Amino acid sequence: MAMSWVNEDLSRQFGEIATLLKLKGVDAFRVRAYERAAATIGAAPVDLSMLDEREIAALSGIGAGTASKIAEYLGTGAIAMLERLRSEVPPGMVELVRVPGLGPKTARLLHDELGIDGLEALREALDAGRLEGLKGLGTKTAANLRDAVARMGAKDTGRLPAADAIAVAEQLCATLRTVPGVAEVAYAGSLRRMRSTIGDIDVLAAATDAPPVMDALRGAGTTVKVLAAGEKKTSVLTVRGLQADLRVVEAEAWGAALVYFTGSKAHNVRIRERAVRQGLTLNEYGLYRRETGERLASRTEADVYAALGMDEVPPPMREDTGEVEAAAAGQLPRVVTLGDLRGDLHGHSSWSGDGKATLDDMAAAAAARGYAYWAVTDHAENLSINGLSREQVRARRGDLRRVQETVPQMRLLDGAELNIGIDGALDYDLDFLLSFEFCVASVHSLMQRPAAEQTARIIAAIEHPAVCVIGHPTGRILGKRPGYDIDLDAILDAAVETGTALEVNASPRRLDLSGSMVRRAVERGATLAISSDAHSVGDLASMRYGVATAQRGWATPAGILNCLDVDGLLAFVDRKRAR
DNA sequence: GCCGTTTTCGGCCCGACTGTTTTCAGTCG
């Protein structure tokens with residue numbers, strides 16, 4: 001994607017440096033420094049090519065050495081140190097450490113002793129039984145590696161879209177809640193932080209007796225293979241090639257364990273460093289005074305952060321992208337929460353071909369969520385199968401007036417989700433468009449166009465007086481298709497200039513804008529709309545994933561369109577139209 | 001390599017599990 005291509009490439013290159021250094025066996029702290037730099041760069045809300053070397057060195061985790069390498073990359077397009085490392089480390093070793101359970105030490109051993117230079121050579125050596133007998137490697141290790149290599153060849157591997165992982169995780173949690181003696185169960189990890197794709201499922205349980213909970217996981221219907229089973233922790237392979245890790249703790253340690261298990265790893269390392277500087281030590285059982293061993297906090301996450309002298313950090317923000325410093329200074333932004341939302345501005349009824357519930361049912365469910373308004377934005381005429389003709393729009397308006405009577409406490413807004421044509425043209429005509437109360441405009445076709453063309457068509461829609469929100473701005477479907485190429489900064493500038501909002505589509509299949517794009521939008525002062533894009537009653541509950549995604553981008557209620565009350569919202573529409 | 005309420009050197013988060021070891025190294029998160 002056009003956005004932050006420089007950052008992504010740099011992040012990848014520093015990640016590769018870290019991997020190669022690890023394979024060379026250098027000091028682990030140096031490796032960690034490069035890993036941290038890669039993470040910082042990958043999450044930076046500003047394109048690094050826009051900054052000078054001093055500003056780059058001011059980023060947390062980036063010092064003079066890394067900054068000069070970044071400058072070198074920006075000047076020459078390459079980092080000489082990386083080129084040198086690539087020539088020094090046999091290429092196949094990078095492939096070897098991708099095998100779960102096979103780390104740098106073993107990779108080095110396999111290469112030096114057996115000449116194994118890649119996955120294929122490892123397979124052959126395993127088949128020939130050549131690993132057994134190597135010092136430190138027995139028959140069990142060989143069998144585990146054989147399994148791991150075989151799994152790598154299977155179809156269902158790698159990260160899953162959040163929507164799929166949520167389904168597995170919730171099923172797992174439900175199973176564990178039925179175990180006697182279990183006080184609390186929650187999923188943590190990247191799922192709780194609401195990353196858009198999920199590598200594994202982390203489940204935490206509080207119970208007086210751990211073994212029955214472990215047994216329940218091993219026996220769960222979703223469990224394919226047990227990878228590790230100890231007193232405090234069990235790891236299994238579940239359906240869809242997803243690993244699930246379960247930790248069981250006493251209820252008194254719940255908060256500390258939740259902090260630990262939610263991560264991110266980088267966030268944990270940073271707050272543990274902070275603890276050490278205060279003469280404390282933090283682990284999954286609590287925050288302790290170093291000298292006396294006295295436990296200062298552990299029951300809730302709020303207790304732990306408070307005892308560290310920090311604001312409590314919402315899980316989606318725990319990525320070590322500045323939140324630790326901000327929370328320590330008491331300056332963490334008060335990010336948007338579900339309770340701040342006054343309505344939902346993108347939803348469908350059965351008037352659209354793809355809507356699965358009637359206007360009555362959708363409106364009743366939206367009202368039951370306590371919304372002050374709900375915009376029904378059925379598809380417009382240019383979406384051939386699902387769209388509404390003008391005749392159907394007029395008929396729906398009659399229906400809308402009738403349904404409005406049934407939900408007196410909530411304002412139903414007569415809306416549409418328009419189609420952005422290849423040249424930026426919209427459905428209907430100007431007068432008809434202005435007869436709607438609220439319009440979202442989205443790209444639904446011709447998604448593989450060059451960035452310049454794609455950007456221009458979206459900006460054309462942004463400039464249209466009837467368009468209040470651009471729906472799912474990048475068009476990505478997680479696990480299925482990447483977003484279209486756009487120049488996000490140009491789109492953000494146009495949105496700010498015209499007073500148009502960009503959507504944070506809350507569907508866990510989309511999460512579009514992404515968290516990092518939200519952060520960029522917030523930096524540039526763009527208005528966002530968090531919308532469920534519900535096609536069914538159940539979809540309305542997806543809003544929480546949109547809120548989490550907005551939190552990942554540090555969005556505050558002040559920048560969210562649907563945190564406004566009805567009057568504020570309608571004033572926003574009027575201002576846009578007056579331009 | 002980074003960093004500072006130990007501030008330009010000397011530290012750097014902490015624990016669980018496995019396998020192959022008789023006390024611990026390697027890997028993972």
Side-chain angles (χ1 to χ4, degrees), chain A residues 14 17-18 21-22 25-40 56-70 81 96-110 131-145 147-148 188-190 193 199-204 210 214 226-236 243-249 253 256-257 259-288 290 308-309 320 324-325 328-329:
Chain A
F14 281 107
I17 289 176
L21 285 175
K22 203 184 295 178
V26 308
D27 174 24
F29 295 111
R30 229 179 118 205
V31 172
R32 209 178 89 191
Y34 279 109
E35 284 172 345
R36 180 152 180 235
T40 297
I56 290 172
L59 295 171
S60 105
I62 296 182
T66 308
S68 84
K69 290 186 184 69
I70 293 171
M81 179 205 190
L96 289 181
V97 292
R98 278 206 288 268
V99 177
L102 201 167
K105 294 276 167 45
T106 312
R108 170 60 66 184
L109 183 72
L110 294 178
L131 260 60
E132 282 100 316
L134 230 48
K135 63 171 183 292
L137 288 181
T139 52
K140 284 194 172 178
T141 302
N144 288 341
L145 287 178
D147 270 8
S190 55
R193 301 199 313 277
D200 59 14
I201 296 173
D202 300 303
V203 178
L204 182 67
M214 305 296 191
V226 177
L227 299 172
E231 279 177 49
K232 303 177 173 180
K233 177 182 151 179
T234 294
S235 294
V236 302
Q243 183 175 324
D245 298 328
L246 169 68
R247 285 293 291 262
V248 182
V249 297
V259 169
Y260 155 75
F261 222 22
T262 297
S264 65
K265 185 167 161 52
H267 176 88
N268 286 350
V269 168
R270 300 277 286 123
I271 61 176
R272 286 174 179 197
E273 284 170 353
R274 185 177 162 75
V276 169
R277 282 200 301 278
Q278 298 175 358
L280 311 173
T281 182
L282 176 65
N283 59 30
E284 56 265 58
Y285 304 109
L287 181 68
Y288 300 84
R290 277 229 146 159
L308 280 168
D320 188 25
V324 175
E325 293 86 341

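All heavy atoms count here, side chains included; hydrogens, waters and symmetry mates do not. Small disclaimer: the values here were computed from a predicted structure and weren't measured. In what follows, every chain begins at residue 1, and chains take the letters A, B, ... in the order their sequences are listed.
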Fill in: Any strand: nucleotide that pairs with B/dG4 via Watson-Crick or wobble, under 3.5 Å
B/dC9
Worksheet item: Starting at NZ of A/Lys232 and ending at P of B/dG15, how long is that distance when rounded to a whole Å?
Response: 10 Å
Worksheet item: Touch check for A/Phe261, heavy atoms < 4.0 angstrom, all strands: base, sugar-phosphate only, or nothing?
Response: nothing
Item to complete: Look at all strands and tell whether A/Ile271 reaches a base, only sugar-phosphate, or nothing, counting heavy atoms closer than 4.0 Å.
Response: nothing
Phosphate-side-chain proximity, [X] and [N], N/O vs OP1/OP2 below 4.0 Å:
| X | N | value |
| --- | --- | --- |
| A/Asn144 | B/dG19 | yes |
| A/Ser235 | B/dC17 | no |
| A/Thr141 | B/dT20 | yes |
| A/Asn283 | B/dG15 | yes |

Worksheet item: Can a salt bridge be assigned to the pair A/Glu35 and A/Lys22 using a cut-off of 4.0 Å between side-chain N and carboxylate O?
Response: yes
Discussion item. Regarding A/Glu273 and A/Arg32, does a basic nitrogen lie under 4.0 Å from an acidic carboxylate oxygen?
Written reply: yes
Fill in: A/Asp27, nearest nucleotide to its side chain (from B/dA16, B/dG1, B/dC13)
B/dG1
Practice prompt. From the options B/dC14, B/dG15, B/dT27, select the nucleotide whose nearest atom is closest to the side chain of A/Lys105.
Written response: B/dT27
Item to complete: Say whether, by atom type as modelled, one donor and one acceptor occur between the side chain of A/Arg290 and the main chain of A/Val276 under 3.5 angstrom.
Response: no
Item to complete: Verify, without hydrogens or angle tests, whether A/Arg247 (side chain) and A/Ala257 (backbone) share a donor-acceptor contact under 3.5 angstrom.
Response: no
